[in-house]
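Read through the structure below, which is laid out as structure tokens, and then see the notes.
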Amino acid sequence: MVLFTRDLRVHDHPALATACAAFDRVVPLYVLDPALADRSPNRTRFLHQSLAELREALRRRGGDLVVRQGDPVAETIRLAREVGAEGIGLSADVSRYARRRERRLRAECDRHRLILRLFPGLTIVEPGALRPGGGDHYRVFSPYHRAWAVADRREELAAPRRVTLPDGVRPGRLPAPPKGESPGAAVGGESVGQRRLTQWLPTLDRYDDIHDDLAGDETSRLSPYLRFGCLSPLAVANRAGGTEGPFVRQLCWRDFYYQVTAAFPDISISAYRRGATEDWRYDADALAAWTEGRTGMPIVDAGMRQMRAEGWMHNRARLITAGYLTKVLGLDWRPGVAVFFRWLLDGDVANNSGNWQWVAGTGNDSRPYRSLNPVRQAERYDPDGGYVRRWVPELASVAGRAVHQPWRLPDDVRRKLDYPPPLEVPGADPVWMR
Ligand code: FAD
């Protein structure tokens, strides 16, 4: 049996490829886990789309995706016993929930004399494979990146040609994709991801120049497909230059946060950096204004509204919006993590919390006290204001970079705009208001 979790593909899938090479009969299984449902309507929709595609891909190979609903450990063991499985293969994962699921599955497999084997595939280099002298994981990105670029990699694997189910296995119903929350959300699935990769690759040579251009919006947008394993990160890296280049370096950030999370599973609840100061303000109104994209800081509101509209936000806007919540408003990063986690198609524990902690200064940044000035960021990365005008239509009539500081517009112009003044922070006198 192959238990799928967030590796929803047939290409370069070590557990599936190994099972199909070693056994005549293979049961690919996905268990819809009620404990993971409802956390994000956007991601649930993307998941169901991806499952439907995976089922199709397995059917084309003569097999099927067997779908069950309930506790993944109980359902997996029940089916394994029904079909008389010898063993279960599973891609290793790092979050606290996934690790607990693995441990429970191992205990049940031991009890029922089933073999459980964990496989790589969620990252390019496996979490824990690289260790600095004297430590169990890398805390700083640059040395990790140097080690990562020269680390051994496994061979990329082709999709199995045939998958044959044992007789009499009931495939089970795959519920129709639920409605998401974001009208402009990308559609899930392996072939959609592959197409997007192929279409985007000609941009690769320009990545270094364009990846921070908010209005240009030319990054790969592959993150949701990597999040659900519709794409193999190793296969993406191989097609994008292997070990070097600025785009592959971003894939290394992904691996970096996975190995941090494997070593520090509390990443979404506790400060990673020892001695980090955490004296956040409490301000429910400011948090709500930030969440809903009405802070009065146009670049921040644009980012938050993009996320709500598309289930995705540009990386530069994520840095600006997260920096604004924590370093400008002085609010705790944890509610920020939760808001992103609800909306983002790519939302996952390691990358979401790892990046938030980096921005908040509680994580892996070696300069934890740095703070991004949102106006300067806007002028630099959205110099003509096109990103803001796209997402904040109330400001569509304001030409050029003036759109980044509507509070400086003449009174009569400003009053006609249906847009709030910037939130005030008690005791703060931000430079951009002077
Ligand atoms: P590209 O620029 O095309 O990069 C290619 C791939 O590299 C991405 O798909 C992603 O897998 C990886 N990558 C790029 N930047 C990072 C990074 N900083 N950290 C880790 N991996 C990276 N990314 C997520 O996948 N899930 C999250 O939940 C998430 N939350 C974030 C929260 C905050 C506060 C910040 C600042 C960043 C977060 N990121 C997260 C990282 C990054 O913003 C997204 O991966 C990126 O914007 C996705 O767009 P893309 O696929 O076009 O990226």
Side-chain angles (χ1 to χ4, degrees), residues 6 39-40 42-43 46 94-95 122-124 127 141 144-145 148 186 193 196-197 199-201 203-204 206-214 216-237 239-241 245-261 267-268 290 300 303-304 306-307 310-327 331 333-365 370 372 377 381:
R6 42 177 297 185
R39 300 202 298 184
S40 162
N42 278 345
R43 276 202 305 285
F46 194 94
V94 294
S95 72
L122 255 60
T123 51
I124 296 169
F141 178 73
Y144 178 75
H145 181 230
W148 182 89
R196 191 178 279 265
L197 172 61
Q199 280 165 0
W200 183 80
L201 276 174
T203 316
L204 180 67
R206 295 190 293 121
Y207 182 79
D208 208 17
D209 300 326
I210 50 86
H211 75 277
D212 262 332
D213 174 2
L214 281 163
D217 190 7
E218 286 193 277
T219 63
S220 72
R221 292 194 180 225
L222 292 175
S223 52
Y225 301 93
L226 290 163
R227 156 69 178 82
F228 284 94
C230 303
L231 291 176
S232 144
L234 177 67
V236 173
R239 285 187 69 186
F247 175 77
V248 172
R249 189 171 188 274
Q250 293 311 108
L251 294 172
C252 178
W253 270 107
R254 183 176 174 276
D255 277 17
F256 174 74
Y257 284 125
Y258 274 87
Q259 57 98 46
V260 166
T261 304
I267 188 144
S268 41
W290 177 83
V300 171
M304 297 305 287
Q306 177 178 33
M307 180 167 72
E310 300 194 331
W312 183 88
M313 197 199 302
H314 193 285
N315 179 60
R316 180 51 54 181
R318 297 189 201 203
L319 290 165
I320 297 170
T321 51
Y324 186 78
L325 185 79
T326 54
K327 299 264 171 94
L331 303 184
W333 52 274
R334 294 167 188 83
V337 166
V339 170
F340 272 34
F341 203 57
R342 164 172 163 191
W343 292 92
L344 287 175
L345 292 171
D346 61 29
D348 80 355
V349 169
N351 288 313
N352 191 27
S353 304
N355 275 289
W356 265 97
Q357 291 225 36
W358 191 92
V359 175
T362 58
N364 299 88
D365 190 0
R370 81 172 99 198
L372 302 178
Q377 290 280 308
Y381 299 113

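Order of listing sets the numbers, starting from 1, for every ligand and every atom in it.
Each of the atoms 11 (O), 20 (C), 21 (N) of ligand 1 lies under 4.0 Å from some heavy atom of Arg254. For ligand 1, the atoms closer than 4.0 angstrom to any heavy atom of Ala322 are 34 (C). Listed by atom number, the atoms of ligand 1 under 4.0 Å from Leu222 heavy atoms are 9 (O), 51 (O). Ligand 1 places these atoms under 4.0 Å from at least one heavy atom of Leu226: 9 (O), 11 (O). Interface of Asp348 with ligand 1, defined as ligand atoms under 4.0 Å from a residue heavy atom, comprises 28 (O). Short contacts between ligand 1 and Trp312, defined as distances under 4.0 Å to a heavy atom of the residue, involve ligand atoms 48 (C), 49 (O), 52 (O). Heavy-atom proximity to Arg221, at under 4.0 Å, picks out these atoms of ligand 1: 50 (P), 51 (O), 52 (O). Short contacts between ligand 1 and Trp356, defined as distances under 4.0 Å to a heavy atom of the residue, involve ligand atoms 32 (C), 34 (C).
Atom CZ in Arg249 sits 10.5 Å away from atom CH2 in Trp148 (nearest 0.5 Å). Of the inter-residue distances, the one linking Leu234 atom CG with Arg239 atom CZ reads 13.0 Å to the nearest 0.5 angstrom. Between Asp255 atom CG and Leu122 atom CG the span is 10.0 Å, to the nearest 0.5 Å. Here the CZ-CG distance, from Arg318 to Asp346, works out to 4.0 Å after rounding to the nearest 0.5 Å. Atom OG of Ser223 sits about 9.0 Å away from atom CG of Asn351, to the nearest 0.5 Å. Taking NE2 from His211 and CG from Asn315, the interatomic distance works out to 7.5 Å, rounded to the nearest 0.5 Å.
With respect to atom 1 (P) of ligand 1, the closest heavy atom belonging to the protein is Tyr207 OH, 3.6 Å. Among protein heavy atoms, the minimum distance from atom 40 (C) of ligand 1 is reached at Arg318 NH1, 3.3 Å. Atom 6 (C) of ligand 1 has as its closest protein heavy atom Leu251 CD2, 3.8 Å. The protein heavy atom nearest to atom 43 (O) of ligand 1 is Asn315 OD1, 2.7 Å. Protein heavy atom nearest atom 16 (C) of ligand 1, with residue, atom name and distance: Gln250 NE2, 3.8 Å. Of all protein heavy atoms, the one closest to atom 24 (C) of ligand 1 is Asn351 CB, 3.5 Å.
Between Phe256 and Phe141, the angle of the ring planes goes over 60°, which puts this pair in the perpendicular group of the 30/60° scheme.
The closest approach between a heavy atom of Arg227 and any atom of ligand 1 is not below 4.0 Å.
In terms of polar-atom proximity, defined here as any N/O pair under 3.5 Å, Asn355 does make such a contact with ligand 1. Annotation: Ser220 places an N or O atom under 3.5 Å from an N or O atom of ligand 1; distance criterion only.
The shortest side-chain heavy-atom distance between Trp290 and Leu331 does not fall under the 4.5 Å cut-off. In this structure, the side chains of Trp343 and Met313 stay at 4.5 Å or more apart for every pair of heavy atoms. The shortest distance between side-chain heavy atoms of Phe341 and Trp356 does not fall below 4.5 Å.
One option in Leu204, Asn352, Thr326 has a heavy atom closer to atom 28 (O) of ligand 1 than any other, and that option is Asn352.
Proximity of Phe247 to ligand 1, defined as any heavy-atom pair under 4.0 Å, is confined to the side chain (atoms from C-beta onward). At a heavy-atom cutoff of 4.0 Å, ligand 1 is contacted by both the backbone and the side chain of Ser223. For Asp346, heavy-atom contacts with ligand 1 shorter than 4.0 Å involve the backbone as well as the side chain.
With sequence neighbours left out, Tyr324 forms a ring pair (Phe, Tyr, Trp, His ring centres under 6.0 Å) with no residue at all. With sequence neighbours excluded, the residues forming a side-chain contact (heavy atoms from CB on, under 4.5 Å) with Ala237 are Ile124, Arg153, Leu251, listed by chain and number.
Remark: the Asp348 side chain and the Tyr257 side chain contain no N/O donor-acceptor pair separated by less than 3.5 Å.
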